[in-house]
Amino acid sequence: MTTVRIPAGWPATEEEARAVQDGLRARLVLDEPGPPPGTGRVTGVDVAYDDERDVVAAAAVVLDAASLEVVAEATAVGRIPFPYVPGLLAFREIPAVLAALDALPCPPGLVVCDGYGLAHPRRFGLASHLGVLTGLPTIGVAKNPFTFTCDPPGPGRGASSPLLAGEEEVGRALRTRDGVKPVYVSVGHRTTLSGACAHTLALTPAYRLPETTRRADALCRRALRTATAPRA
DNA sequence: GCGACAG
DNA sequence: ATCTTGTCGC
């Protein structure tokens, strides 16, 4: 476990944060195919909070993309750097996530985020932000449609429908389990939407959510408990 | 102007 | 995100 250091100049206001998004968005790379699903490594990142004690814990879990076995994992703990504001989630999560990624003993490969990438009011959600800051290919897999709209995908696993911001397809509602509500997939950085969906399906052999996020979720909660546990 | 809104 | 027990179903 490492300690999070909030970057100098981290935004303090919503206005500053939105300006950062508008500035970094130009660095997004959206014309790369991304890594092929089922090969190399895939890393899940997630964050848990104790607002009461002002503690944030992040986890990064590296899986072998073919076997989905855990290859490596790391956690980071620190203070909460930004309040939760819809559209500005990245400023709350990223410092801890970067610290956890830095603590990994091996390259992460594709990073799977719990949240959105291009499906964002300014087309720069958590997954895109993390991708630009790290240079890594990223995708976002969220549990809710946020403010976007979509028709329900067909009932079978693999069915999908466009996630729309007006006329623009910003992501896809993707059914990962028969008859279970879909997840919402969007491109983060250096990936394509169809590739992001293919990765998501490869990561969901048994549950609605990707193995990456399930592992990272469990690990960051554990790290938060440990960090806030009363001292002996 | 008011409410809704990833985690 | 987080607060929270049992319960229905494969």
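Predicted model, so just to flag it, every value in this text is computed and none were measured. Protein chains get the first letters and strands the later ones, always in sequence-line order, with residue 1 at the start of each.
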With respect to the phosphate group of B/dA6, does any side-chain polar atom (N or O) of A/K143 fall under 4.0 Å of OP1 or OP2? no
message = Please verify the inter-ring angle class for A/F124 with A/H129; under 30° counts as parallel, over 60° as perpendicular, anything in between as tilted.
response = tilted
Of the listed B/dG7, B/dC5, B/dA6, the closest approach to the A/T147 side chain comes from B/dC5
d(A/D46 CG, A/D114 CG) to nearest 0.5 Å is 4.5 Å
The reported gap from CG in A/L101 to OG1 in A/T134 (rounded to nearest 0.5 angstrom) is 7.0 Å
Kindly say if A/R92 contacts the phosphate of B/dA6, meaning a side-chain N or O under 4.0 Å from OP1 or OP2. no
Whole-Å distance, A/D46 CG to C/dT2 P, equals 8 Å
Rounded to whole Å, CZ of A/R177 lies from C1' of C/dG9 at a distance of 14 Å
### Query
Which part of the nucleic acid, if any, lies within reach of A/G140 when heavy atoms closer than 4.0 Å are counted: base, sugar-phosphate only, or nothing?
nothing
TODO: Please work out if A/A119 contacts a base, only the sugar-phosphate, or nothing of the nucleic acid, heavy-atom cut-off 4.0 Å.
DONE: nothing
When rounded to the nearest 0.5 Å, the distance separating CD of A/E169 from OG of A/S186 is 10.5 Å
Taken to the nearest whole Å, CD/A/E14 to P/B/dC5 is 17 Å
Side-chain atoms of A/R221 come closest, of B/dA6, B/dG7, C/dA1, to C/dA1
message: Should A/Y84 be counted as stacked on B/dG7, where stacking needs a ring-centre gap under 5.5 Å and an angle between planes under 30 degrees?
response: yes
Separation of C/dA1 atom C1' from A/L224 atom CG, nearest Å, is 10 Å
Rounded to whole Å, the CG-P distance (A/L174 to B/dA6) equals 19 Å
Separation of B/dC5 atom P from A/R122 atom CZ, nearest Å, is 17 Å
task: May I ask you to check whether A/R157 and A/T204 show a side-chain donor-acceptor distance below 3.5 Å?
output: yes
Margin query: What's A/L88 touching, base or sugar-phosphate or nothing? Going by heavy atoms closer than 4.0 Å.
Written below: base
Separation of C/dA1 atom C1' from A/R225 atom CZ, nearest Å, is 17 Å
note: A/R53, atom CZ; C/dC3, atom C1'; distance rounded to Å ~ 14 Å
Does A/N144 have a side-chain nitrogen or oxygen under 4.0 Å from the phosphate oxygens OP1 or OP2 of B/dC5?
-> no
